[in-house]
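When a residue number appears, it is its place in the shown sequence, counting from 1.
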Amino acid sequence: MKSTRETKALLRKNIRYKMKQNIFPQSIPKYLWDTIDTQLDIQDFSIVRNPHISVGYFSDVVSFMQNTRKEDAFFALQINLDNIQNIGIECIMYFIALVRYKIHTAIYRFDYFLPKSKECRNYILSTGLSDYSRCYDIPIKTSQETDCFKIVSGDTVDATTAGQIIDFLNACIGREDHSASFVYAVLIELMGNTKEHAYYNKHMGFYLPQWYIFAENTKETINITFLDIGEGIPSTMRSYCAEVSSIMSNEKEDVVVLSNDHSTLLTYVMKYGNLVSRKDVTHRGHGLPQIYELFVEHACFQNLTIVSGKGYLRYEDKMNPKKIELKKHLHGTLFYWEIKKSLA
């Protein structure tokens, strides 16, 4: 007679086999899941505002997922957000990205216990998280009319979505002269960059090659967040140079010099693009340098923030970004920026 452990293993194996045949069960019995509780004991959960703690949390979750063999178990990760007072949309997007991949493999399930704060809870629900995963304790009703462009994802350059965001921006600004149309070029570039570079090393194979985007209208600004959880800029650059994970420019020699500082890498890539000498003009006006040029050119384009690997950049000053070297690694790349409505 088989033990309970052996019976569970056989049932899990059978479910996996069926899923490989594209036969997905309506539900998986509760007793097959091993519950893992992940408590977030912070009030401001945001990669943009509180990068060290927030990136550290996601880095630990991803490491746990990557280091767990598929045949070991079905894990139910309980995300306890009880004490959160403020949450960045980028954190919600990151959760959704993890959920969507793991639904495909059925190894992990994410269960969310929403914040006690009514304002924070309603904000989370308005963004669309409950459309992607199960959220507990959701009796609080939320308004159907939210002042945001809900989270959208894709895996190609999506001109339609980019155009819809421009329409949303123009409606928020209250003008029809397309004063914020330059954002369209930024979005198209980021979508294309995700498709071409974020998943450069196909053998990593941990995430689906998708981007996520969200826009929110506030009193003075329209805030836009773009995220992918592919390799990230430092890992992509390491794939190109096959030596280290970051670089910096040697002005005298006009060549790329190798370094180990991810924030320096991000600064270089934003200004000069890929790992090439600046004598190669084919990268001028293309890629991330095009985004940086638009940022410098338009006064309403403010507080550009990029996080990837252990690098954190925030351009409160157009020319001199705040640089932070994080303790842990963000898997993927985050772009956040604000459009100042009074200057648009």
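L77 is not listed as a side-chain neighbour of D111, based on a closest heavy-atom distance of 4.5 Å or more. For the pair I92 and I87, the minimum side-chain heavy-atom distance is below 4.5 Å. The shortest side-chain heavy-atom distance between E338 and T218 does not fall under the 4.5 Å cut-off. Looking at heavy atoms from C-beta onward, E90 lies out of side-chain contact with L227 at the 4.5 angstrom threshold. In this structure, the side chains of D228 and L190 stay at 4.5 Å or more apart for every pair of heavy atoms. The shortest distance between side-chain heavy atoms of I224 and Y336 does not fall below 4.5 Å. Counting heavy atoms from C-beta outward, I233 and L288 have side chains that approach closer than 4.5 Å. At least one side-chain heavy atom of I124 sits under 4.5 Å from a side-chain heavy atom of L114.
The closest donor-acceptor contact from the side chain of N193 to the backbone of E189 lies at 3.5 Å or more, if one exists at all. Side chain of T305 to main chain of N303: a donor-acceptor pair is present (N/O by atom type, distance under 3.5 Å, no hydrogens or angles). Although no hydrogens or angles enter the test, the distance criterion places a donor-acceptor pair under 3.5 Å between the side chain of S54 and the main chain of S46. Looking only at distances, no side-chain donor or acceptor of T221 sits under 3.5 Å from a matching main-chain atom of N217. Distance alone, capped at 3.5 Å, places no donor-acceptor pair between the Q85 side chain and the Q43 backbone. Looking only at distances, a side-chain donor or acceptor of E325 sits under 3.5 Å from a matching main-chain atom of H262. In terms of modelled atom types and a separation under 3.5 Å, the side chain of Q78 and the main chain of Y112 share no donor-acceptor contact. Side chain of W337 to main chain of I306: no donor-acceptor pair is present (N/O by atom type, distance under 3.5 Å, no hydrogens or angles). Judged by distance alone, the side chain of S63 and the main-chain N or O of S59 form a donor-acceptor pair under 3.5 Å. Formation of a donor-acceptor pair under 3.5 Å by the K271 side chain with backbone atoms of P289 is not found in this model.
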Worked verdict on V48 versus L334 for side-chain contact (heavy atoms from CB on, under 4.5 Å)
CA-CA 9 Å; V48 173; L334 167 69; 3.9 Å; yes
For L81 and I79, run side-chain contact (heavy atoms from CB on, under 4.5 Å): C-alpha distance rounded to whole Å, both residues' side-chain angles, the deciding distance at 0.1 Å, then the answer.
CA-CA 6 Å; L81 304 175; I79 313 299; 3.7 Å; yes
Step-by-step salt bridge (Lys or Arg N to Asp or Glu O under 4.0 Å) determination, E220 to K341:
CA-CA 6 Å; E220 296 183 353; K341 290 190 279 189; over 6 Å; no
Quick one, I222 with E216, criterion side-chain contact (heavy atoms from CB on, under 4.5 Å). Give me CA distance, side-chain angles, the key distance, then yes/no.
CA-CA 6 Å; I222 304 156; E216 180 181 19; over 6 Å; no
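Between D60 and K328 there is a salt bridge, since at least one side-chain N of the basic residue sits less than 4.0 Å from a carboxylate O of the acidic one. The pair K322-E316 fails the salt-bridge criterion, with no side-chain N (NZ, NE, NH1 or NH2) lying under 4.0 Å from an Asp/Glu carboxylate O.
Taking both residues in full, the closest heavy atoms of C91 and I47 are given as SG-N, 3.9 Å, listed atom of the first, atom of the second, then distance. Of all heavy-atom pairs between S153 and Q210, the closest is OG-OE1, 4.2 Å. The shortest non-hydrogen separation linking G232 to S308 is CA-OG, 3.4 Å. Listed here is the closest heavy atom pair of I213 and M93: N-CE, 3.5 Å. Residues M191 and D158 share a closest heavy-atom pair of SD-N, 3.3 Å. Considering all non-hydrogen atoms of both residues, S263 and L313 come closest at O-CD2, 3.7 Å.
Ring-plane geometry between Y292 and Y315 is classed as tilted, the angle between the planes lying from 30 to 60 degrees on a 0 to 90 degree scale. Below 30°, between 30° and 60°, or above 60°: for F95 and Y57 the angle between ring planes is above 60°, a perpendicular geometry.
Atom CD of E119 has 12 or fewer heavy atoms from other residues, nucleotides or ligands within 6.0 Å.
Annotation: cation-pi geometry not satisfied between K323 and Y312 (NZ/CZ under 6.0 angstrom from ring centroid, within 45° of ring axis).
One hydrophobic cluster, built from ILVMFWY side chains closer than 4.5 Å, holds both V296 and I339.
Note that the CG atom of D41 and the CD1 atom of I53 stand 9.5 Å from one another [nearest 0.5 Å]. Note that CD1 of I324 and CZ of R314 are 10.0 Å apart. Values are rounded to the nearest 0.5 Å.
F45 pairs in a ring pair (Phe, Tyr, Trp, His ring centres under 6.0 Å) with only one of the listed residues (Y123, Y94, F58), which is F58.
When ring centroids are compared, F301 and F182 come within the 6.0 Å threshold.
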